[in-house]
Amino acid sequence: MHAGKASLYDDLAVQLTSLIEGEADLVANAANMAALIYHGLPDLNWAGFYFADGETELVLGPFQGKPACIRIPWGNGVCGTAAARRETIVVPDVCEFPGHIACDPDSRSELVVPLIKDGRVLGVLDLDSPIPGRFDQTDRAGCEQLVAIFLDGLRASPAAFSL
Ligand code: SME
């Protein structure tokens, strides 16, 4: 594990905890988390959320970066696949991922973490990079830690997400 990168994620975890502490609004917390990640991690061209809309598709949530595709069918693309499989997906080269959805042609690698609360997939956190192989297992663990903090915030305010 890269010590510098791991400690960067530890710093982001502290900042995220502070940002969402005592705040119940899902969109506000997701927006601040997207901004924190986009500006806190190097070499990203997109960072944000897709939320479950019913049981058949994801819809765009708060993000930083260029405008993106609005709806992704469940099971499609990297985001829909991560949601359907209920597991984090690290894609070193998006050209090699069957069905990858190219919102920004500059994207070369991608990391998607599902948001799972009480057994339900609420959506995904999606990070894109213009650099091939940008994301490793430290990024995976770090982003899963950030998602856990985000979901804990929802637990403190169960009415915040009423899908
Ligand atoms: N590449 C994603 C689509 C979302 S954008 O990257 C913001 C995918 O294949 O699901």
Side-chain angles (χ1 to χ4, degrees), residues 5 8-9 12-13 15-16 19-20 25-117 119-151 153-154 160-161 163:
K5 190 188 274 190
L8 174 56
Y9 276 106
L12 290 176
Q15 291 180 63
L16 179 62
L19 274 173
I20 70 176
D25 191 278
L26 171 84
V27 172
N29 286 345
N32 261 340
M33 181 167 163
L36 181 72
I37 290 173
Y38 186 79
H39 293 283
L41 291 177
D43 302 322
L44 300 184
N45 62 324
W46 203 89
F49 291 87
Y50 281 88
F51 292 130
D53 187 12
E55 295 180 353
T56 59
E57 62 184 359
L58 298 165
V59 65
L60 185 62
F63 70 94
Q64 300 268 311
K66 290 182 182 171
C69 17
I70 298 171
R71 292 185 180 273
I72 298 176
W74 204 259
N76 283 26
V78 186
C79 292
T81 302
R85 288 188 194 162
R86 297 172 163 253
E87 63 185 28
T88 299
I89 298 181
V90 177
V91 182
D93 178 353
V94 295
C95 300
E96 302 281 313
F97 189 93
H100 168 259
I101 299 166
C103 295
D104 181 345
D106 286 340
S107 295
R108 286 289 171 272
S109 57
E110 187 160 356
L111 168 64
V112 179
V113 182
L115 313 174
I116 302 174
K117 176 177 184 278
R120 296 168 66 200
V121 181
L122 304 183
V124 300
L125 170 70
D126 179 20
L127 307 189
D128 287 8
S129 171
I131 298 176
R134 159 67 181 80
F135 304 105
D136 60 15
Q137 292 307 310
T138 304
D139 294 293
R140 176 198 192 109
C143 287
E144 287 178 343
Q145 181 189 10
L146 296 177
V147 163
I149 292 167
F150 176 75
L151 293 173
L154 295 184
F161 206 114
L163 280 175

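Atoms considered below: every heavy atom in the structure, side chains included; atoms not considered: hydrogens, waters and symmetry mates. Residues: numbered from 1 along the sequence shown. Order of listing sets the numbers, starting from 1, for every ligand and every atom in it.
- Between L125 and M33 the shortest side-chain heavy-atom distance falls below 4.5 Å.
- Under the rule for a salt bridge (charged side-chain N to carboxylate O under 4.0 Å, His left out), D128 has no partner lying at least two apart in sequence or in another chain.
- S129 and E110 form no side-chain donor-acceptor contact under 3.5 Å, judged by distance and modelled atom types alone.
- Between the side chain of R134 and the main chain of P42, a donor-acceptor pair closer than 3.5 Å is present.
- Sorted by chain and number, the heavy-atom contacts of ligand 1 below 4.0 Å come from W46, Y50, A68, I72, G77, V78, C79, H100, I101, C103, E110, D126, D128.
- For the atom pair CG (L122) and NZ (K117), the distance works out to 6.5 Å, reported to the nearest 0.5 Å.
- The structure places CG of L44 at 9.5 Å from CG of L111, a figure rounded to the nearest 0.5 Å.
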